[in-house]
Protein chains: 2
Amino acid sequence: MPEIPRNTRQRRAVTAILDDLDGFASAREIHDVLSKRGESVGLSTVYRTLQALVDAEELDALRADDGETRFRRCSTGHHHHLVCRQCGRTVEVEGPTVERWADSVAAAHGYADVSHTLEIFGTCSTCRA
Amino acid sequence: MPEIPRNTRQRRAVTAILDDLDGFASAREIHDVLSKRGESVGLSTVYRTLQALVDAEELDALRADDGETRFRRCSTGHHHHLVCRQCGRTVEVEGPTVERWADSVAAAHGYADVSHTLEIFGTCSTCRA
DNA sequence: ACCGAGAGTGAGAATCGTTCTCATGAGACG
DNA sequence: CGTCTCATGAGAACGATTCTCACTCTCGGT
């Protein structure tokens with residue numbers, strides 16, 4: 001069973017925010033935006049909804065250096081991110097060469113079930129102004 | 001001034017543990033090993049010492065998926081890690097091609113001050129037995 | 001439309017890793 | 001040896017996330 005979630009006001013509100021955003025946002029940031037819009041949603045519910053969307057692979061989660069996990073609506077399939085440190089603006093990138101390199105390095109050292117994490121950070125042209 | 005730290009019993013105990021380990025270990029794990037050895041060191045001190053060593057670039061820190069930060073004595077210079085999910089056994093790897101690829105991708109999208117994170121995870125041959 | 005079962009919600013408590021506070025302890029150096 | 005600090009550690013505080021549980025609302029059946 002594909003576990004179809006109920007269509008509640010809160011879920012609609014959260015997904016609406018995610019549609020508007022084009023960068024990564026933390027649970028607290030999303031909760032704050034909702035409050036400002038007058039669409040009160042409990043923080044627990046924000047976390048639950050985000051986690052459900054991540055499980056459904058509709059969101060990408062990314063743990064920042066400050067310990068906060070940030071979320072963003074992303075395309076399906078394996079890809080990496082080029083993220084602006086200032087504003088969070090994000091470009092999805094693919095690197096077939098990197099994938100192959102990682103797999104071959106792991107195999108060369110006898111490691112199996114290989115996965116990897118790769119994120120690129122920088123300052124985007126807008127934020128440099 | 002290079003901020004030379006004092007040579008205390010606690011600092012010696014922590015660095016000794018790090019010398020023995022060859023994989024990544026969390027602050028709590030290190031604290032537990034110290035307790036078992038009878039070398040009681042406060043958890044705060046373990047954290048402080050680890051943080052100081054990271055700042056001095058004598059340790060690499062790596063935030064795992066479970067939220068814990070793990071530490072490991074590492075060679076200097078830019079490198080990445082191939083880490084066993086089970087036992088933490090780690091191989092340091094370099095990928096000049098990846099570095100160049102990341103920089104060029106970032107530049108192509110107008111991002112500056114580029115950095116990146118890249119870690120490879122797998123199951124090592126020993127743990128597969 | 002109207003039930004009714006059960007998933008969804010939310011306020012607050014709990015958890016977990018990490019950092020802070022501050023009174024006490026111990027290196028380093030003369 | 002004495003003194004000046006920095007280091008230590010027990011416990012409190014903190015910030016992100018998860019859990020609890022009584023109450024609410026959606027949805028499928030009638």
Side-chain angles (χ1 to χ4, degrees), chain A residues 1-18 21 23-56 58-72 88, chain B residues 1-18 21 23-56 58-72 83 88 119:
Chain A
M1 345 259 116
E3 293 284 341
I4 163 172
R6 286 188 183 173
N7 176 24
T8 66
R9 174 184 66 80
Q10 292 86 342
R11 183 171 293 260
R12 265 177 276 127
V14 171
T15 56
I17 300 277
L18 290 166
L21 260 48
F24 279 87
S26 71
R28 181 159 294 275
E29 283 164 356
I30 292 170
H31 180 257
D32 288 349
V33 174
L34 284 167
S35 298
K36 280 200 202 84
R37 287 197 188 178
E39 299 235 51
S40 168
V41 174
L43 187 54
S44 306
T45 301
V46 173
Y47 273 107
R48 260 188 306 242
T49 305
L50 290 171
Q51 195 52 60
L53 290 170
V54 169
D55 290 346
E58 288 186 42
L59 287 188
D60 275 12
L62 179 51
R63 206 184 298 263
D65 277 346
D66 64 359
E68 270 193 344
T69 304
R70 298 188 141 72
F71 304 86
R72 178 176 184 271
Chain B
M1 339 267 120
E3 292 286 342
I4 164 172
R6 285 187 185 173
N7 176 24
T8 65
R9 174 185 67 82
Q10 293 86 341
R11 184 169 291 258
R12 265 178 274 129
V14 172
T15 56
I17 299 277
L18 290 166
L21 260 48
F24 279 87
S26 71
R28 181 160 293 277
E29 283 164 356
I30 291 170
H31 180 256
D32 288 351
V33 174
L34 285 167
S35 299
K36 280 201 203 82
R37 286 197 188 179
E39 299 235 49
S40 168
V41 174
L43 187 54
S44 306
T45 300
V46 173
Y47 273 108
R48 257 188 308 241
T49 304
L50 290 172
Q51 195 51 61
L53 290 169
V54 168
D55 291 345
E58 289 186 42
L59 288 187
D60 275 12
L62 180 50
R63 206 184 297 264
D65 277 347
D66 63 359
E68 271 193 343
T69 303
R70 290 169 196 286
F71 304 86
R72 178 177 184 271
V83 188
E119 312 296 340

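Residue numbering restarts at 1 for every chain, and letters A, B, ... go by the order of the sequence lines. The figures that follow rest on heavy atoms only: side chains count, while hydrogens, waters and symmetry mates do not.
- With a 4.5 Å cut-off on side-chain heavy atoms, A:Arg37 and A:Ile17 count as touching.
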Sequence-aligned protein contact record of nucleotides 19-30 of chain D, with B where the base is within under 4.0 Å of a protein heavy atom and S where only the sugar-phosphate is: B------BS---

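- Here the C1' atom of nucleotide D:dG15 and the CG atom of A:Asp65 are 16 Å apart, to the nearest Å.
- Chain B approaches DNA chain C over the interval C:dG17 to C:dA28, counting the first and last nucleotide 5' to 3' with an atom under 4.0 Å from its heavy atoms.
- Residues satisfying the side chain to side chain contact (heavy atoms under 4.5 Å, CB included) test with A:Thr8, not counting sequence neighbours, are A:Arg6, A:Gln10, A:Arg11.
- Rounded to whole Å, atom P of D:dA16 lies 16 Å from atom CG of A:Leu62.
- Put simply, A:Tyr47 has a side-chain N or O that comes within less than 4.0 Å of OP1 or OP2 on D:dT17.
- Between A:Glu39 and A:Arg12, none of the side-chain N atoms (NZ, or NE/NH1/NH2) sits under 4.0 Å from a carboxylate O, so this pair counts as no salt bridge.
- Taking B:Arg48 as the reference, B:Ser44, B:Thr45 meet the side chain to side chain contact (heavy atoms under 4.5 Å, CB included) condition, with sequence neighbours excluded.
- Between A:Glu68 atom CD and D:dG15 atom P there is a gap of 11 Å when expressed in whole angstrom units.
- Each of B:Arg28 and A:Gln10 has a nearest nucleotide on DNA chain C; the 5'-most of these lies closest to A:Gln10.
- Protein atom CD1 of B:Ile4 is 17 Å distant from nucleotide atom P of D:dT5, rounded to whole Å.
- With values rounded to the nearest 0.5 angstrom, A:Ser35 atom OG is found 9.5 Å from A:Arg28 atom CZ.
- Among the protein residues, B:Ser26 comes within range of no part of the nucleic acid, since none of its heavy atoms lies under 4.0 Å from any strand.
- Applying the salt bridge (Lys or Arg N to Asp or Glu O under 4.0 Å) rule to B:Glu119 yields no partners; only residues at least two apart in sequence or on another chain are considered.
- Under a 3.5 Å cut-off, the side chain of A:His31 and the backbone N or O of A:Gly42 do not form any donor-acceptor pair.
- Atom CD in A:Gln51 sits about 10 Å away from atom P in D:dT17, given to the nearest Å.
- Atom CZ in A:Arg70 sits 8.5 Å away from atom CG in A:Leu62 (nearest 0.5 Å).
- Taking the side chain to side chain contact (heavy atoms under 4.5 Å, CB included) definition, one finds that B:Leu50 meets it with B:Val14, B:Leu18, B:Ala27, B:Ile30, B:Val46, B:Leu59, B:Phe71, sequence neighbours left out.
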